[in-house]
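Have a look at the structure below before the remarks.
Just so we're on the same page: letters track the sequence lines, and every chain starts at 1.
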Protein chains: 2
Amino acid sequence: MSAYHLSESKSIAMMKFLALCFFVISLINIPIAEARIRHYKWELKYEYKSPDCYKKLVITINGRTPGPTILAQQNDTVIVEVKNSLLTANTAIHWHGIRQIGTPWFDGTEGFTQCPILPGDTFVYKFVVDRPGTYLYHAHYGMQREEGLFGSIRVALPDGESEPFAYNYDRSIILTDWYHKSTFEQAVGLSSIPFQWVGEPQSLLIQGKGRFDCSAANPPMKADVCNNTNPECSLYSTTVVPGKTYRLRISSLTALSALSFQIEGHNMTVVEADGHYVEPFVVKNLFIYSGETYSVLVYTDQDPARNYWVTTNVVSRNATATTPPGLAVLNYYPNHPRRSPPTIPPSGPMWNDVDSRFNQSVAIRARKGHVYSPPATSDRVIVLLNTQNQVNGKTRRWSVNNVSYDIPHTPYLIALKENLLHTFSQTPPPEGYDFANYDINVVQNNTNATTSDAIYRLQLNSTVDIVLQNANTMNPNNSETHPWHLHGHDFWVLGYGKGKFDPINDPKKYNLVDPIMKNTVPVHPFGWTAFRFKADNPGVWAFHCHIESHFFMGMGVAFEEGIERVGKLPSSIMGCGETKHLLKP
Amino acid sequence: MSAYHLSESKSIAMMKFLALCFFVISLINIPIAEARIRHYKWELKYEYKSPDCYKKLVITINGRTPGPTILAQQNDTVIVEVKNSLLTANTAIHWHGIRQIGTPWFDGTEGFTQCPILPGDTFVYKFVVDRPGTYLYHAHYGMQREEGLFGSIRVALPDGESEPFAYNYDRSIILTDWYHKSTFEQAVGLSSIPFQWVGEPQSLLIQGKGRFDCSAANPPMKADVCNNTNPECSLYSTTVVPGKTYRLRISSLTALSALSFQIEGHNMTVVEADGHYVEPFVVKNLFIYSGETYSVLVYTDQDPARNYWVTTNVVSRNATATTPPGLAVLNYYPNHPRRSPPTIPPSGPMWNDVDSRFNQSVAIRARKGHVYSPPATSDRVIVLLNTQNQVNGKTRRWSVNNVSYDIPHTPYLIALKENLLHTFSQTPPPEGYDFANYDINVVQNNTNATTSDAIYRLQLNSTVDIVLQNANTMNPNNSETHPWHLHGHDFWVLGYGKGKFDPINDPKKYNLVDPIMKNTVPVHPFGWTAFRFKADNPGVWAFHCHIESHFFMGMGVAFEEGIERVGKLPSSIMGCGETKHLLKP
């Protein structure tokens, strides 16, 4: 619980009150074993907020960003009534990590599964959370996620079942990076000729709070625009009791940045990744990529006479001169939650230490006793070469297999179900690239790519292997980390490699014994990542780099499976593009 | 023709070329007497532009703002294919002054006649321009008009017919005011508690060009944000030949400002207002309100050895300290179009000289021989008291008869035609206010108002009188000018008055002899304005203050007439709100 706005005595009273609440809630929970309805009513608004002391428009849910945490138990039905009060802005909300089995129309992915939610409209999402774990929700429309429309989903086990690890308290912390330019400005810059990139973020936020140094702004900013004494940008502080074990659910929804997360003086034991139990391992710092969620256990065994820094910093990109580390406070009760730790915040790892990040990826395995074995073989292998490109020699884009992806304006799910196949390209996208001749270590001779909104059609219940192949960007000796997120499925992470994937020998090294299941996975610079999934969820699903600008610039694909098994589509997802032709005569 | 980017010799060559073009065009025109199709293809985009030297996002049509001028002849059919490439922003375009007889669904008014046009969609407007004259088009969605989405419509007489005045050349000039804050920021401020108003505009633009003094910015701005040497903000210059008569079609699409327009050393003869011929009168300066169009004749009889200033400045509000006059150049051929006049730009009239503005309004009468007589009596009188209010003691709003107007999210036209009457209030809005007791000269005791989206339902072909009654705002001794624009109709301006309208005696002074017909009319501070119109155009029509923020804050109403005569609605206007229920099962 955050207590940074409270005086010390109030925060003690609050602790007692919460203890009472937990007791009462536990009493309530006991007699109700069956799945329940969790009903949320949200209103989305633009508001002026100062998350890092700089005042700008953000999107709030019921007045807050991050939005309310959705709390549910496995097999509950979550209903979220989203009222769009964003004046003239559309929206759509994706339930990140929720597979939407039987409800592919509520995945919240604009252009894939629904039309945007128009201003004034109330859209009702209704879906089952069928697995326990740590998930997220966020806008999936243009680059709107960056405006603050996101939050946590925490799915508990059914009553009577318990996790394979023990802890006393449970906390959710979302990490984000933060820009002062609006996403409108950013998106126009990315689509402009010449290309204009917003650059590195101005700050990193921990659970929606950060700090931009107003006095260092150039040109200077007025106090009504940037004010470091604004209580809205007081650092996030989370209060802990000494000698207890805390489950911290750390997730990242950065627009761009790969992050390292650490807590001064405390080890972290990784126990969950993307809703799956991890064979525990201890880290000083956790590397985390946009779209990932982890649970770590932290034991509060340090000197209780002081507070400790919680920090996050950019890795994989050199942002040392541009983006200061994000700070928060681990408040050891009964110290004042606003009391600064007596130390200098610890620095994170070197931004360019790729090996440490690679090693963490490899270390993440399914927990013993909780291994879901993957199919031994796959029916189809799709290799996706990740490259930075131009289109028509002008527009800057990202591509897979030299095809830069465009989101259609008639959602695939509707187009396929209602036989509006003319609304997107029917030329299948490539299954691979020119393995033999492509040099992933240099800038391509011809950086030109084509654009397409074509999709991969998968046979229902087939097993599909995906190999993400990284490569050099359009700058010499440069390759970036891309965290890829798959909608509608978890996948088995079969392996990570350095250099060019060898289709003959590398599959022999796949981990088929205890692969972790995830929904988001990084492909490291100049490396490859392989995973396997079962195409067993009828619908149309996005698979894309979770870096907001990269997907906007074409770094994504779409998968379809079992469209004929999809039930009747709700009319609420209609209204855009060719779906208007479905109107009564 | 603007030639400010051309060298002097190039501009002469251009003149010759244009003369040839006009000759060729005149040859082409002769044999085609019947109505034609005028087909336009537009792409709307956000682009970074510097209209007043400050770089910000603007909406362009085919790369330009103001957009292309629509040129047509009376009874032509205009088809405009609007491709919305605004990334994530919706739009709708209103054809201001075009009555849309038989095509009420193409009036382009979001919430009234159509759903917004979604990003990626192409919307086809198709309508007949049934009267000659000077009209406008502009966004009619949120406060989007202010982002630069506007342009001129010029409808010529059929071949063989001629205007009742002679001129050699024809030019269109749109006046606007310009803010550096985005309309998103402005709109959120207006909807916020506490209310935040953007204040006076940073500059005035003449045909899309103005000048903000970058060096005076506080805090200072970097040169990549504001640069007075940027050619994009070179002043608008229009080249004239000595000894000729120019028809200047002056129109205003300001967000806020009432303007005075003048040309140094030249008189202007007013000959047209909102598409109707005016009994000519001569002015030194023309007062013009947002939504109005005028034609003035200017004879180039001054010393041809120099250029002359064209200026516009704010009246009705005290913006002397905040908004510098807008400047342009009247370029006497063969002087260089970029050569500054040797004089100091003339100052405009005093901002608070209400009498001069009132007198101009009264002076505008229908031209002899071109008088359309109004019906002698009316069937219904609706008095609309204009007030500034709060709602729930918090939100700042504007109201008519203490009802602050809300735009619905299911367009009225569709709701009425498809029997979705539950989508808006069925309680009729008030026909007047408490005439006996309301003191228009003081701040109200109770400034609270209610909100409603109810409409006035008019009997088809009935004659309706509207009396706009102005009043004191929420500030003592303050009343503002409001230019009201009626969609779908022209109306007869029956009279203007000072003080409180007297329903017994004032109608006796109505001008029923030679009232001008208009579509936009000001109500002056503490005064009233009366007009009459025939409810003979089946559809639903907005009537609202043309100040962008005032309509946004509730200063408007809606009229319906003859909905049962409206033809089959095109599916292209659907997609929002309850229109989704019209989808096939």
- When B/Gly120, B/Pro116, B/Cys115, B/Cys576 are compared by non-hydrogen pairs under 4.5 Å with chain A, the top option: B/Gly120
- Query: Do the side chain of B/Glu81 and the main chain of B/Val124 share a donor and acceptor less than 3.5 angstrom apart?
  - Reply: no
- Which bit of B/Pro119 is near chain A, if near means a heavy-atom gap under 4.5 Å: side chain, backbone, both or neither? both
- Close side-chain approach of A/Thr122 to A/Lys41, heavy-atom, < 4.5 Å: no
- Query: Does the distance from a Lys or Arg side-chain N to an Asp or Glu carboxylate O, for A/Glu548 and A/Arg145, drop under 4.0 Å?
  - Reply: yes
- Note on the structure: So CD of A/Glu43 and OG of A/Ser85: to nearest 0.5 Å the spacing works out to 3.5 Å
- Item | Trace of the side chain to side chain donor-acceptor pair (under 3.5 Å) decision for A/Asn90 with A/Tyr141 | CA-CA 8 Å; A/Asn90 305 318; A/Tyr141 183 60; 3.1 Å; yes
- Item | Sequence-distant partners of B/His544, side chain to side chain donor-acceptor pair (under 3.5 Å), two or more places apart | B/His140, B/His487
- Query: Of all the residues in residues 103-114 of chain B, which have a heavy atom that comes within less than 4.5 Å of a heavy atom in chain A?
  - Reply: none
- Among A/Ser182, A/Pro219, A/Ala89, who wins on heavy-atom pairs under 4.5 Å with chain B? A/Pro219
- Please work out whether the ring planes of A/His94 and A/His138 are parallel, tilted or perpendicular, with thresholds of 30° and 60°. perpendicular
- Task: Working to the nearest 0.5 Å, report the span between CG of B/Leu413 and CD of B/Glu418.
- Result: 9.5 Å
- Contacting region of B/Phe552 [heavy-atom separation from chain A under 4.5 Å]: side chain
- Is the B/Phe184 ring parallel, tilted or perpendicular to the B/Tyr46 ring (thresholds 30°, 60°)? tilted
- Query: To the nearest 0.5 Å, how far apart are NZ in B/Lys580 and CG in A/Leu582?
  - Reply: 12.5 Å
- Report yes if some heavy atom in the side chain of B/Met221 is under 4.5 Å from a heavy atom in the side chain of B/Asn227; otherwise report no. no
- Item | Proximity of residues 185-199 of chain A to chain B, residues having a non-hydrogen atom under 4.5 angstrom | A/Glu185, A/Ala187, A/Val188, A/Gly189, A/Ser191, A/Gln196
- Query: Can you tell me how far OH of B/Tyr179 sits from CG of B/Asp52, rounded to the nearest 0.5 angstrom?
  - Reply: 12.5 Å
- Message: Is any side-chain heavy atom of B/Ile117 closer than 4.5 Å to one of B/Ile93?
- Response: no
- Item | Interface residues of residues 53-62 of chain A facing chain B - heavy atom cut-off under 4.5 Å | A/Lys55, A/Leu57
- Note on the structure: Residue from A/Thr410, A/Thr88, A/Leu87, A/Asp121 scoring the most non-hydrogen pairs under 4.5 Å with chain B is A/Thr88
- Task: Indicate whether any N or O donor in one side chain lies under 3.5 Å from an N or O acceptor in the other, for B/Glu578 and B/Thr423.
- Result: no
- Task: Mind running side chain to side chain donor-acceptor pair (under 3.5 Å) on A/Thr183 and A/Glu146 for me, showing each step along the way?
- Result: CA-CA 7 Å; A/Thr183 59; A/Glu146 281 188 53; over 6 Å; no
